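A quick write-up on the structure given underneath.
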2 protein chains.
Amino acid sequence: MEPETVMDAALELMDEGALTMRALASRVGLTPGALYTYFPDRAALVSAVADRLLAEADLTLLDAPGLSPHDRIESFALALREVLLRHPAAVPAILGAAFSGPTALHVGESLLRELSDPRASYTVMVYVLGAIALEAAELEGPPPPEEERIALRRTYLVVDPEAFPLTHAANDVIAAYISTDQFRWGLRRLLSAP
Amino acid sequence: MEPETVMDAALELMDEGALTMRALASRVGLTPGALYTYFPDRAALVSAVADRLLAEADLTLLDAPGLSPHDRIESFALALREVLLRHPAAVPAILGAAFSGPTALHVGESLLRELSDPRASYTVMVYVLGAIALEAAELEGPPPPEEERIALRRTYLVVDPEAFPLTHAANDVIAAYISTDQFRWGLRRLLSAP
DNA sequence: ACCTGAACACCGTTCAAGT
DNA sequence: ACCTGAACACCGTTCAAGT
């Protein structure tokens, strides 16, 4: 059996919020102990899944000809966000393995090519991963449509207007914090810094 | 026994990388089952610890008189980073409870007071929490001195110069990605956006 | 190398019963 | 309300033994 088969099943189980070595073994038709032939332990398996997931975003967007560096970064960031939000339970693992994995290295190198100052490219990584992590944190599984999610937040996030007047007044904008528009707005703001 | 006693012991155990309900019970001199009088389940306990930890950063920095809005945000962000990096294992829980907790609500309100556009205040939150999360992800317990950590990264992060020339060339800056200077640099860049 | 069966040393949570 | 003792239904990981 290919390790990829095991990793795909592991991602499925993460999406269902129930990744255990035993459940994974049963899903791929093995005994729990047999999994340790493929990965030394659970943590290694999760790291491998995280790197595989990272590679699902189209890395070539970062080298797309005919686009400005900022547009390349924006289109890749949007693609990455889309991939990762479909698997919110895997996002913490991505944060953990953000630097170590081979795919992350590739992304880092491309990012350095687009921005002259390495400090700026790290700032972009921090923003992109931070935004995705905050959005993922409030998802249980694959996300419902964005409009639905925003509408839910609008009713969910009501606060005491006396104690938190500004938060109360900004309710609609705050509900849309998890929107693609807000994500793009923040990224552009960061990229437009002098 | 006060719930705070239980929460403090829980944070201790998180720092040691070994928070279990059984270990917690034994540390505070109770039976595992007795903990469920204080918190409905493990997740609720962790959320409560996260909020308590968030409150350890000096919230009054966000209202300090005589400082510009940007300086208030910077000093609070630095204080928050210091508190959270002392407890890296608790940071994922902070990300998860970033919006729900009562203390987070207070921080959000203050941030809205400092910046005219709510979208900008969210962008700052994303950056600050993202940077802290990435730094925390590579810590096992309370962090060694910064210089030591950077020096370790400098030798740790060596890559193939042929495959990743820009990453190789920027090694020193990349090693310092987890520095206070880099954190401040990115934050200022974000705040200086037009 | 890959896999099974069985075990070891743990988990979180529940619940009758006591105070 | 708070706590104990004991149980239930799980975990990850190891390892002799088989192929």
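First the proteins, then the strands, lettered A, B, ... as listed; each starts at 1. None of the values given here were measured: they were computed from a predicted structure.
- The NE2 atom of B:H168 sits 11.0 Å away from the CD atom of A:E109 when rounded to the nearest 0.5 Å.
- Ion pairing of A:D63 with A:R113 is present here, as a side-chain N (NZ or NE/NH1/NH2) and a carboxylate O approach within less than 4.0 Å.
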Would B:Q182 and A:T123 count as a side-chain contact (heavy atoms from CB on, under 4.5 Å) here? Give the steps.
CA-CA 9 Å; B:Q182 166 72 38; A:T123 306; 3.6 Å; yes
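- Regarding contacts with the backbone of D:dC2, every side-chain N or O of B:T37 stays at 4.0 angstrom or more from both OP1 and OP2.
- Atom CG in A:L191 sits 9.5 Å away from atom CG in A:D71 (nearest 0.5 Å).
- The CZ-P distance, from B:R42 to D:dC10, rounds to 19 Å in whole Å.
- In this structure, B:L24 atom CG and C:dC11 atom C1' are separated by 14 Å, rounded to whole Å.
- Here the C1' atom of nucleotide C:dG18 and the CG atom of B:L30 are 16 Å apart, to the nearest Å.
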Under the rule of Watson-Crick or G-U wobble with both distances under 3.5 Å, where | means paired to another strand and [ ] a crossing pair, DNA chain D maps to ||.|||||...|||||.||
Which is it for B:F76 and B:V107 under the side-chain contact (heavy atoms from CB on, under 4.5 Å) test, yes or no, and what are the steps along the way?
CA-CA 10 Å; B:F76 174 72; B:V107 171; 3.9 Å; yes
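- Rounded to whole Å, the distance from CE on A:M1 to P on C:dC2 is 11 Å.
- A:Y36 has no side-chain polar atom (N or O) that falls below the 4.0 Å cut-off from OP1 or OP2 of C:dC2.
- Although no hydrogens or angles enter the test, the distance criterion places a donor-acceptor pair under 3.5 Å between the side chain of A:R72 and the main chain of A:A64.
- By the 4.0 Å N-to-carboxylate-O rule, B:R52 lies close enough to B:D8 to be salt-bridged with it.
- One finds a side-chain N or O of A:Y38 lying less than 4.0 angstrom from the OP1 or OP2 phosphate oxygen of C:dC3.
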Go through the steps for B:I94 and B:I132 under the test side-chain contact (heavy atoms from CB on, under 4.5 Å), then give the verdict.
CA-CA 10 Å; B:I94 299 265; B:I132 293 170; over 6 Å; no
Could you check A:E135 against A:L84 for side-chain contact (heavy atoms from CB on, under 4.5 Å), going step by step and ending with a plain yes or no?
CA-CA 10 Å; A:E135 291 185 50; A:L84 296 191; over 6 Å; no
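- At a non-hydrogen distance threshold of 4.0 Å, B:R22 from residues 3-22 of chain B come into contact with DNA chain D.
- Mapping A:A34 and B:L35 onto DNA chain D by nearest heavy atom places B:L35 at the nucleotide closer to the 5' end.
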